[in-house]
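Take a look at the structure set out below.
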There are 2 protein chains.
Amino acid sequence: MKKSQQIIQNQTENENIVDDNAFLNKLIVGIGEVSEITGIPQRQLRYWQDKGIIKTYDKNCSVRRFNYPEIKKIILIKELLDEGYTLETAAQKVTKRLQLIQETFSKFKK
Amino acid sequence: MKKSQQIIQNQTENENIVDDNAFLNKLIVGIGEVSEITGIPQRQLRYWQDKGIIKTYDKNCSVRRFNYPEIKKIILIKELLDEGYTLETAAQKVTKRLQLIQETFSKFKK
DNA sequence: CTTAAATTGTAAATAAACTACAATTTAGGG
DNA sequence: CCCTAAATTGTAGTTTATTTACAATTTAAG
């Protein structure tokens, strides 16, 4: 690979990662899309939200909408449910795990 | 930073990037969310789609839904419009640019 | 001023999501 | 097996979002 080509390569690649991050941070999706992405029925997602396990982005909004961290949480909870944990403990474990990741990253930023 | 910490750091970081990519590839959003993310009115997005400038994910679907590459395209088109290009030429330029990126990446994969 | 492109407005119809009930299923302990 | 609480699912009726199909308005350039 020529050097000039490599530079273009790295530029577009980094650009994409930056873009993707910005996009993910802006992203707030409705329950239909979350359901399709995760494979979890809408009904079940509503149930989890009613129980306070997951949170919608804007509580005053008449429609459930979720941001990216919350969708991650949903996916992780589902994994632990499939492993046999109860909803409550699955949620607790996920919360702890996400906190750990958060802490690790904040150390990294110092 | 201790070495063990660094390993954890890199693991979670890479994990996230992989997850984010998988997520972005699955993601298909409705016109409302695209409009909010991009700041472009729904009416305008429908107009662009009617003209064939942008494409919905599933043409047989009764509702407009867009995947991530298409949303990227929308954002880029808006940028060029703001710079004064016409819709047609903006769309052409963006298409070419995305092709270039595509080619560059496919070379990288070899 | 004219023309074509681009955007915007809106009413009526269709589709998606919500709520508020309740029924059903599941997992464990006794 | 029975019972209980957790978890999930079903659904009717209502609200909200989106679409279509018309047309009007604005914008840019010759």
Side-chain angles (χ1 to χ4, degrees), chain A residues 26-68 70-96, chain B residues 26-68 70-96:
Chain A
K26 277 193 187 178
L27 190 71
I28 300 168
V29 251
I31 196 170
E33 275 111 19
V34 174
S35 175
E36 286 196 16
I37 291 165
T38 62
I40 302 171
Q42 294 189 17
R43 191 66 187 77
Q44 195 168 3
L45 291 171
R46 289 195 192 101
Y47 172 70
W48 291 5
Q49 193 249 320
D50 288 343
K51 292 216 63 173
I53 300 292
I54 57 178
K55 296 184 295 291
T56 55
Y57 176 70
D58 181 0
K59 292 173 185 176
N60 298 330
C61 187
S62 65
V63 151
R64 287 177 183 81
R65 304 180 73 224
F66 303 92
N67 58 16
Y68 184 53
E70 208 62 23
I71 296 172
K72 271 188 177 176
K73 189 175 176 180
I74 290 169
I75 293 170
L76 293 174
I77 289 175
K78 182 185 165 62
E79 273 181 27
L80 292 186
L81 276 187
D82 291 343
E83 287 176 20
Y85 291 99
T86 72
L87 186 55
E88 210 63 59
T89 48
Q92 281 173 16
K93 276 178 176 290
V94 168
T95 301
K96 278 181 192 163
Chain B
K26 278 192 187 179
L27 190 71
I28 300 168
V29 269
I31 196 170
E33 274 112 20
V34 174
S35 174
E36 285 197 15
I37 293 165
T38 62
I40 302 171
Q42 294 189 18
R43 192 64 187 77
Q44 193 168 3
L45 290 171
R46 289 194 192 103
Y47 171 70
W48 291 4
Q49 193 249 321
D50 289 342
K51 292 216 61 174
I53 300 292
I54 56 178
K55 296 184 296 290
T56 56
Y57 176 70
D58 180 0
K59 292 173 185 176
N60 299 330
C61 187
S62 65
V63 152
R64 289 178 183 80
R65 305 178 74 221
F66 303 92
N67 59 16
Y68 184 53
E70 209 62 23
I71 297 172
K72 271 189 180 176
K73 189 174 174 181
I74 290 169
I75 294 169
L76 293 175
I77 289 175
K78 182 185 166 61
E79 273 180 27
L80 292 187
L81 275 186
D82 290 343
E83 288 178 18
Y85 291 100
T86 71
L87 186 55
E88 211 63 59
T89 48
Q92 282 173 14
K93 275 177 177 291
V94 167
T95 302
K96 278 182 191 165

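Note on naming: letters A, B, ... go to the chains in the order of the sequence lines (proteins, then strands), and numbering restarts at 1 for each one.
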Any [X] side-chain N or O less than 4.0 Å from OP1/OP2 of [N]:
X	N	answer
B/Arg46	D/dT20	no
B/Gln44	C/dA6	no
A/Trp48	D/dT8	yes

Taking the side chain of [X] as heavy atoms from C-beta outward, which of [options] is closest to it?
X	options	answer
B/Arg64	C/dA6, D/dA7, D/dT20	D/dT20
A/Ile31	D/dT18, C/dC18, D/dA7	C/dC18
A/Ser62	D/dT16, C/dT7, D/dT8	D/dT16
B/Val63	D/dT9, C/dA15, C/dA17	C/dA15

Please compare A/Glu88 and A/Cys61 by the position of their nearest nucleotide in DNA chain D and report the one closer to 5'.
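Nearer the 5' end of the strand: A/Glu88.
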When the distance from [atom1] of [X] to [atom2] of [N] is rounded to whole Å, what number comes out?
X	N	atom1	atom2	value
A/Asp58	D/dT16	CG	P	15 Å
A/Ile40	D/dT9	CD1	P	10 Å
B/Gln42	D/dT19	CD	C1'	10 Å
B/Asp50	C/dT7	CG	C1'	12 Å
A/Arg43	C/dC18	CZ	P	11 Å
A/Leu87	C/dG28	CG	C1'	17 Å
B/Lys51	C/dA4	NZ	P	13 Å
A/Tyr47	C/dA17	OH	P	22 Å

For this session: Report which part of the nucleic acid B/Leu45 touches: base, sugar-phosphate, or nothing (heavy-atom distance under 4.0 Å, all strands).
Result: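 No contact at all - B/Leu45 keeps every heavy atom at 4.0 Å or more from the nucleic acid.
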So, do A/Ile54 and A/Ile77 sit near enough that their side-chain heavy atoms are less than 4.5 Å apart?
yes
TODO: For the pair B/Ile75 and B/Lys78, evaluate side chain to side chain contact (heavy atoms under 4.5 Å, CB included) and give the outcome as yes or no after the intermediate values.
DONE: CA-CA 5 Å; B/Ile75 294 169; B/Lys78 182 185 166 61; 5.8 Å; no
Test: B/Glu70 and B/Arg64 ion pair at under 4.0 Å: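 Looking at B/Arg64 together with B/Glu70, the answer is no, because their closest N to O distance does not fall below 4.0 Å.
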Do NZ/NE/NH1/NH2 and the carboxylate oxygens of B/Glu83 and B/Lys93 come within less than 4.0 Å?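 Answer for the salt bridge query: no.
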Value for CZ (B/Phe66) from CD1 (B/Ile71), rounded to nearest 0.5 Å, stands at 8.0 Å
Between A/Gly30 and A/Gly84, whichever has its closest DNA chain C nucleotide further toward 5' is A/Gly30
